[in-house]
There are 2 protein chains.
Amino acid sequence: MASNFFSIQELAQETGISKDTLRIWERRYGFPLPQRGQHNERAYPAEQLEQLRLIKQLMDSGIRPGKLATLNLMQLQELAQEQQTAPPDDLAPLLELVARGQQRELRLQLESLLLQQGVKTFLIETVAPLNHAVGEAWFAGRIGVLDEHLFAEQLSGLLQGTLSGMRPDSETSRALLTTLPGEQHGIGLLMAACMLARGGVEPVLPGVQLPLEEIVRGATTQRCSIVGISCSSYMNRRTIATQLVRLRKLLPVSIELWVGGSGTNGLTALPRSIRIFSNLEQIGAALQQPDRFLGD
Amino acid sequence: MASNFFSIQELAQETGISKDTLRIWERRYGFPLPQRGQHNERAYPAEQLEQLRLIKQLMDSGIRPGKLATLNLMQLQELAQEQQTAPPDDLAPLLELVARGQQRELRLQLESLLLQQGVKTFLIETVAPLNHAVGEAWFAGRIGVLDEHLFAEQLSGLLQGTLSGMRPDSETSRALLTTLPGEQHGIGLLMAACMLARGGVEPVLPGVQLPLEEIVRGATTQRCSIVGISCSSYMNRRTIATQLVRLRKLLPVSIELWVGGSGTNGLTALPRSIRIFSNLEQIGAALQQPDRFLGD
DNA sequence: AATTATTTTTTGTCTAGGACAAAATATGGC
DNA sequence: GCCATATTTTGTCCTAGACAAAAAATAATT
């Protein structure tokens with residue numbers, strides 16, 4: 001039984017850490033230190049992939065890789081446990097359904113909750129925390145990638161359905177929602193889109209990974225007064241910041257730039273004309289302020 | 001006005017050609033030959049990005065990069081034009097709607113066509129060729145990335161809606177449909193899913209980019225007798241072949257492996273236990289043969 | 001003591017050029 | 001024409017050095 005080894009390319013793809021970075025971590029910290037294949041290529045065992053995922057997660061909470069790379073697996077797990085925020089009790093049954101891959105039952109329960117709570121409450125008190133909890137459970141190894149993906153698909157379908165029932169038919173303000181090139185996670189966009197639609201703004205959703213030039217072109221041709229970008233912590237923070245600043249420069253001043261998602265946490269020194277949202281409520285609040293068209 | 005330059009990283013992201021490959025092409029063929037930035041980093045002008053896209057497209061039809069890299073833009077365009085297959089006339093009005101970004105009208109027309117033609121004809125004679133034509137039009141610069149994305153979203157929504165109305169409720173054969181890690185295009189999956197659903201097979205759609213181990217786990221836990229993989233020409237052929245062979249080895253022999261998409265065109269020397277579909281009709285045909293459970 | 005300016009460390013990405021296997025093509029023998 | 005053997009083409013990997021931007025630590029100032 002050939003236990004599985006990963007090439008450096010595969011490891012980079014799975015973790016979102018570039019090949020260059022993987023090599024230099026090995027040089028500097030001695031981790032991840034792979035075996036070598038027949039032709040001297042790096043061959044990473046599955047455990048190192050797991051450990052890297054853990055490290056990536058801890059980095060998102062601000063700990064530096066230099067510290068993390070010197071710790072062993074157990075110490076990392078301790079650290080991770082400290083950080084774990086237990087998911088609210090009422091989400092436990094839903095999480096259970098995700099873990100068991102019972103998509104249909106999950107869908108039904110979510111639909112029922114949506115009706116019960118209404119869009120806003122559903123988004124803020126159910127969808128957002130559940131999505132977060134699923135992400136954490138995946139990191140902790142309590143649910144598999146497959147179940148996480150299936151959950152995301154169910155949620156997308158549900159939110160898209162909700163959206164199509166909410167589209168205002170008259171001429172209203174519009175918002176173009178997308179992610180930066182390289183960012184593949186689009187669930188945040190759908191959540192934001194629902195909040196916006198609820199506030200009378202019509203979302204335009206061209207999917208993920210739109211090149212900056214196309215964002216600008218799209219916002220103009222689609223007559224959007226807002227561009228919304230969702231950033232996960234998958235991408236490197238520096239890249240995110242650079243791209244956002246560049247986008248702000250390309251975009252007409254009359255168009256607002258709104259940014260949200262876990263990838264925006266550690267961002268410092270962005271121009272004030274880029275508006276950062278750290279949760280969904282803030283979107284709702286922003287839509288109610290009449291002064292929201294005063295730029296920087 | 002600082003005309004836009006791209007870093008090697010951005011170019012790699014946009015074209016799907018790796019940084020290593022870009023550098024070695026420069027070394028060997030002298031193209032793309034970027035300017036240099038303040039710190040000697042490569043800075044690619046937008047025209048080189050365009051030319052690269054063209055080259056990538058021509059490579060998909062079997063021409064070798066060594067030949068292409070020595071040609072100038074005009075020669076490339078000539079070659080491309082030779083290859084262009086004019087889209088069927090009846091698609092022209094739809095393409096026009098895509099190009100103009102008139103999503104709502106497009107959606108209505110597609111829905112009407114779906115009702116008129118029925119699922120199978122709609123998929124084979126409208127969706128597949130239209131999708132192809134949109135891809136070609138994008139390469140040729142006749143429509144923007146934004147419009148292409150918006151089209152894909154509309155189509156996804158429509159097909160997903162169709163699917164949810166087709167799901168068989170009794171216990172039937174199931175198929176897990178996904179893409180390999182690195183492959184982001186999922187439209188093909190939805191088309192295949194519709195064909196399968198129509199043939200009485202229930203599709204399981206966990207989204208794109210599922211790690212091989214998870215595909216195996218998913219196929220087992222979800223009790224699927226078929227695993228379907230869609231490959232676009234975005235990914236390198238060699239990578240595709242390697243991954244497919246690896247997947248076939250990981251997968252129990254009782255589970256069939258079906259593969260389709262433009263990325264499978266030039267694939268040679270795959271084991272016969274991997275079944276390649278070059279169009280949607282073949283899926284329909286395969287579902288009607290009673291001997292389809294005889295593996296290699 | 002708190003804030004601001006300056007140095008030091010940390011970190012990720014870039015560069016160059018070399019090596020090599022697998023795929024694709026060309027060449028020779030039958 | 002067809003099969004086996006060279007030869008070329010191609011993409012990815014390797015090492016090792018450089019450097020700027022961000023973060024942290026230290027010094028200087030109010």
Side-chain angles (χ1 to χ4, degrees), chain A residues 5-13 15-31 33-44 52 55-56 59-70 182 235-243 245-246 265-270, chain B residues 5-13 15-29 31 33-44 52 55-56 59-70 182 235-243 245 265-270:
Chain A
F5 285 94
F6 297 87
S7 74
I8 192 170
Q9 187 176 217
E10 291 165 322
L11 204 70
Q13 202 147 58
T15 61
I17 300 168
S18 78
K19 291 192 278 186
D20 274 325
T21 303
L22 286 171
R23 290 203 195 93
I24 209 142
W25 280 9
E26 178 181 339
R27 207 198 295 175
R28 286 188 185 143
Y29 317 126
F31 181 89
L33 188 57
Q35 298 187 245
R36 293 300 176 121
Q38 207 177 354
H39 309 293
N40 198 33
E41 354 80 80
R42 292 171 171 80
Y44 298 88
L52 263 185
I55 286 181
K56 186 110 204 287
M59 276 172 60
D60 289 337
S61 57
I63 309 178
R64 305 182 122 210
K67 309 260 176 194
L68 294 168
T70 60
M235 275 177 81
N236 182 307
R237 290 226 178 87
R238 204 182 298 177
T239 315
I240 294 176
T242 313
Q243 303 253 62
V245 170
R246 210 164 128 186
N265 282 343
L267 290 186
T268 56
L270 284 182
Chain B
F5 285 94
F6 298 87
S7 73
I8 192 170
Q9 188 177 214
E10 290 165 321
L11 205 70
Q13 203 146 59
T15 61
I17 301 169
S18 78
K19 292 193 279 186
D20 274 325
T21 303
L22 286 171
R23 289 202 197 94
I24 210 142
W25 281 8
E26 179 181 339
R27 205 199 297 175
R28 286 186 187 147
Y29 318 124
F31 182 88
L33 188 58
Q35 298 187 244
R36 294 301 177 122
Q38 209 177 355
H39 308 293
N40 197 35
E41 353 79 81
R42 292 170 171 82
Y44 298 88
L52 263 185
I55 287 181
K56 185 107 203 287
M59 276 172 59
D60 289 339
S61 57
I63 310 179
R64 303 182 127 213
K67 311 259 175 196
L68 295 167
T70 62
M235 274 178 80
N236 181 307
R237 292 228 174 88
R238 205 182 298 175
T239 316
I240 294 177
T242 315
Q243 302 254 64
V245 170
N265 281 344
L267 288 186
T268 55
L270 283 182

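Since this is a predicted model, take the numbers as computed values, not measurements. Proteins get letters first, then strands, A, B, ... in listed order; numbering begins at 1 in each.
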>> Could you report the tightest heavy-atom contact between Ala69(A) and Tyr29(A), atom names first, then the distance?
In response: CB-CB, 3.5 Å

> Lys67(B) and Ile63(B): which non-hydrogen atoms are nearest, and at how many Å?
Replying inline: CB-CG2, 4.3 Å

>> With rounding to the nearest 0.5 angstrom, report the CG to CE distance, Asn236(A) to Met59(A).
In response: 8.0 Å

>> Between C1' on dC13(D) and CZ on Phe5(A), what's the gap in Å once rounded to a whole number?
In response: 18 Å

>> Nearest whole Å is fine: how far is dA16(D) C1' from Glu26(A) CD?
In response: 13 Å

Sequence neighbours excluded, which residues qualify as side chain to side chain contact (heavy atoms under 4.5 Å, CB included) partners of [X]?
X        : value
Glu10(B) : Gln243(A), Arg246(A), Phe6(B), Ser7(B)
Lys19(A) : Ile8(A), Ala12(A), Arg23(A), Asp20(B)
Thr70(B) : none

Expected list for residues 37-44 of chain B: side-chain donor-acceptor pairs under 3.5 angstrom, two or more places apart:
unit_1   : atom_1 : unit_2   : atom_2 : d
Glu41(B) : OE2    : Gln38(B) : N      : 3.2
Glu41(B) : OE2    : His39(B) : N      : 2.7
Arg42(B) : NE     : Glu26(B) : OE1    : 2.7

>> Before you tell me yes or no, could you show the steps for Ile55(B) and Ile17(B) under side-chain contact (heavy atoms from CB on, under 4.5 Å), namely the whole-Å CA-CA distance, both residues' side-chain angles and the distance that decides it to 0.1 Å?
In response: CA-CA 11 Å; Ile55(B) 287 181; Ile17(B) 301 169; over 6 Å; no

>> How would you summarise protein contacts on nucleotides 10-15 of chain C per nucleotide, using B for base, S for sugar-phosphate only and - for none, with heavy-atom distances below 4.0 Å?
In response: SBBBBB

> Over its full length, what angle do the end axes of the helix from dA1(C)-dT30(D) to dC30(C)-dG1(D) make, each axis taken from five pairs and the result rounded to 10 degrees?
Replying inline: 10°

